[in-house]
Amino acid sequence: MSIDKSWFDEMEARIPHGEVRTRFAPSPTGYMHVGNLRTALYTYLIARHAGGKFILRIEDTDQGRLVADAVDVIYATMRRCGLTWDEGPDVGGPVGPYIQTERRDLYGKYAELLIEKGLAYRCFCSEERLEELHRDDPNAKYDRHCLSLSPEEIQAKLDAGEPYVIRQRIPEGSTTFHDAVYGDITVDNAELDDQILIKSDGLPTYNFANVIDDHLMGITHVVRGAEYLSSAPKYNLLYEAFGWEIPTYVHCSSVMFNDPVTGAVRKMAKRYGDPSYQDLVSQGYLSQAVVNYVSLLGWAPRGDIAEQEFFTMDELIAAFDIAGISKSPSAFDMEKLNYFNATYLRSLSPEEFAKEAEPWIRQAVKNEAYDAAAIAALLQARCEKLSDIPEKVDFFDALPEYGVELYTNKKSKTTGEVSLEMLKQTAPVLAGLEDWSQDAIHGALVELAEKLGVKNATLMWPLRIAAAGKAVTPGGAVEICRILGRDETLRRMKLGVEKLS
RNA sequence: GGCCCGGUGGUCAAGCGGCUAAGACACCGCCCUUUCACGGCGGUAACACGGGUUCGAUUCCCGUCCGGGUCACCA
């Protein structure tokens, strides 16, 4: 088999130089892990901080695991998170295509090149033989059975159409690679298997495709999860085999999950039902809050902003620094995400918040007479995530069944008797109020309390219980009555009086 | 199990030979207050352990323990 050298030269000629280029290379599984999101974010930030290019590449070489529409999930997630890419399957670019299955022809050529150099070889071993090897020793490396095949034997097998894979021949000695986070790491090559580069279906393995693509796309910083740390020596060996420049490795520690129920800490994984980005969004978390929180999971700003924890994307771009990435794994904490989300919700303008909240309010409050914007105003400081909303406002549509014991409250100095009296006193005042506004209702009630010689709470407590039928409500008596309207307020007060009588 | 990487309060973390060891979440008080929140003030709580190196170790080295990762024709 001969290879046209000029083809390789052309591929080399396309590679951009002189700028920082990073890539996020997910496989389309239809699911964005929080850990993946963080990796994507760091990758993006490294490129943007340096004024370089951020590239999206789809790694779909595992035909058995393809998921329909999964690529759309990736696009949508990244867009919502503000991670815009300069080159990718949909926008193109100088070193495309950006989907690995569309690049399938090129990997084989590079593998052939390695065979010519004597650094890789065809392996015809059957799965059965490999299994046998592992039966004797589960940790056995490939025994290089096919390395000793003569050219004639190989040709005969090829002619016979026997399936084969291409393996890299790992040299003797040891391999040292440098990682920007972990420093220098050395491993004995004896630990490394003669890894498969090209599978028997002709497609490259992830490890091989990754190196080829990263090189051909001019990637300068290879950012990925720490689970790839032990594969890094193999990557180095491949770069060395080709004589290519080795990029800067940036391995990020894994994200653990701090289960709020059991308190257990373990690696975050879909199979345990740990939340994905999509799960969080559907639970009413804001993308910016998630991104901001995730940015701080395994990275911390340094210097005079070491104490800052709220960042816009632009601020993250300005502040991000590889030196601030931590080596130890960190636990995803829902409580702290709640805090970030609550803070982001509160930082919204009342109009923006109402827009976000309205669908959630309408899940529980179907009655259009009750103003969603007014209800939203009560909620903004009182929810950590939008999904908290429905159960907080369900009393608007339907007054819950409640017991008279709710009327007794020590701090407000109310008992059933006192409450009954307060409701009787309040009803005519509200009935006669000309203006049903917040201020007017509030003014009238405060005036009445003063006239009766009771503290505000003594008057307000029973009114709120009668209006809402709940001990805890977003907003006070005045706000709730205002939204309910005069007729409904008086109707509910009358019910309260009946209960108490 | 072999190899690799980690180990500062419950969690996220600053620290990069000399500090009363930051800050944030959570938790607990107090204040504010028409409930609950929000906001304000204050508090409890940490350098895994044992050896070195050093005048001096959270910081450097070694060991132990613990945790994680990885050992596929998966990515």
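Note on naming: letters A, B, ... go to the chains in the order of the sequence lines (proteins, then strands), and numbering restarts at 1 for each one. Everything numeric in this text was worked out from a predicted model, so none of it was measured.
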State the pairing partner of [N]; accept Watson-Crick or G-U wobble contacts with both distances under 3.5 Å, and report none otherwise.
N     : value
B:C30 : B:G40
B:A21 : none
B:U54 : none

Consider the side chain of [X], meaning its heavy atoms from C-beta on, and name the nucleotide among [options] that approaches it most closely.
X      : options             : value
A:A331 : B:C73, B:A14, B:U11 : B:U11
A:K411 : B:G6, B:G68, B:U33  : B:U33
A:M256 : B:G6, B:C73, B:G68  : B:G68
A:L297 : B:C5, B:C12, B:C73  : B:C12
A:E59  : B:U34, B:C5, B:A75  : B:A75
A:Y339 : B:U33, B:C38, B:C25 : B:C25
A:D333 : B:C74, B:U11, B:A72 : B:U11
A:A477 : B:U34, B:A24, B:C73 : B:U34

**OP:** Please work out which of the three classes, parallel, tilted or perpendicular, describes the rings of A:Y31 and A:H33, given edges at 30° and 60°.
**Re:** perpendicular
**OP:** Over 60° means perpendicular and under 30° means parallel, so classify the ring planes of A:H251 and A:F177, tilted if in between.
**Re:** perpendicular
Need one value for [X]: base, sugar-phosphate or nothing, where a base atom within 4.0 Å counts as base even if backbone is also close, heavy atoms only.
X      : answer
A:G225 : nothing
A:A300 : sugar-phosphate
A:C125 : base

Original post:
Between A:L296 and A:P474, which has a closest nucleotide on RNA chain B that is more 5'?
Top reply: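 Nearest-nucleotide comparison on RNA chain B picks A:L296.
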Salt-bridge criterion met for [X] and [Y] (N-O under 4.0 Å):
X      : Y      : result
A:D394 : A:K470 : yes
A:E59  : A:R57  : yes
A:R144 : A:D193 : no
A:K141 : A:D194 : no

I'd like to know if the side chain of [X] and the backbone of [Y] have a donor-acceptor N/O pair within less than 3.5 Å.
X      : Y      : value
A:N292 : A:E309 : yes
A:R167 : A:R122 : no
A:Y42  : A:S295 : yes

In [range], which residues come under 4.0 Å of RNA chain B by heavy atom?
range                       : result
residues 438-446 of chain A : A:H442
residues 372-393 of chain A : A:A381, A:R382
residues 447-465 of chain A : A:N456, A:A457, A:M460, A:W461, A:R464

Residues 442-463 of chain A side chain polar contacts: donor-acceptor under 3.5 Å, at least two apart:
| from | atom 1 | to | atom 2 | distance (Å) |
| --- | --- | --- | --- | --- |
| A:K455 | NZ | A:K411 | O | 3.3 |
| A:T458 | OG1 | A:S412 | O | 2.8 |
| A:W461 | NE1 | A:L406 | O | 2.9 |

Hey, is [atom1] on [X] packed in by over 12 heavy atoms from elsewhere, all under 6.0 Å?
X      : atom1 : answer
A:E172 : CD    : no
A:E162 : CD    : yes
A:R103 : CZ    : yes

Nearest-Å distance once atom [atom1] is located in both [N] and [M]:
N     : M     : atom1 : value
B:G42 : B:C62 : P     : 44 Å
B:C27 : B:C36 : P     : 15 Å
B:U58 : B:G15 : C1'   : 8 Å
B:C30 : B:A57 : C1'   : 40 Å

Any N or O donor-acceptor pair linking the side chain of [X] to the base of [N] at under 3.5 Å?
X      : N     : answer
A:S200 : B:C73 : yes
A:K336 : B:A26 : no
A:Y228 : B:A75 : yes

Can a side chain N or O of [X] be found less than 4.0 Å away from OP1 or OP2 on [N]?
X      : N     : answer
A:R302 : B:G15 : yes
A:Y206 : B:A75 : no
A:K327 : B:G68 : no
A:S330 : B:A13 : yes

I'd like a list of close polar pairs between nucleotides 1-3 of chain B and the protein, N/O only, cut-off under 3.5 Å.
| from | atom 1 | to | atom 2 | distance (Å) |
| --- | --- | --- | --- | --- |
| B:G1 | N2 | A:N139 | OD1 | 3.4 |
| B:G2 | O2' | A:E191 | OE2 | 3.4 |
| B:C3 | O4' | A:E191 | OE1 | 3.3 |

**OP:** List the protein contact pattern of nucleotides 41-50 of chain B with one symbol per nucleotide (5' to 3'): B for base contact, S for sugar-phosphate-only contact, - for none; contact means a heavy-atom distance under 4.0 Å.
**Re:** ----------
Original post:
Between the side chains of A:N236 and A:Y249, does any donor sit under 3.5 Å from an acceptor?
Top reply: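 Distance-only check passes for A:N236 and A:Y249.
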Original post:
Hey, does the Lys NZ or Arg CZ of A:R224 hover above the aromatic six-ring of A:Y235, less than 6.0 Å from the centre and inside 45° of the axis?
Top reply: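 Verdict for A:Y235: a cation-pi partner in A:R224.
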Original post:
Just checking, A:K199 and A:Y107: is the charged tip under 6.0 Å from the six-membered ring centre and within 45° of the axis?
Top reply: no
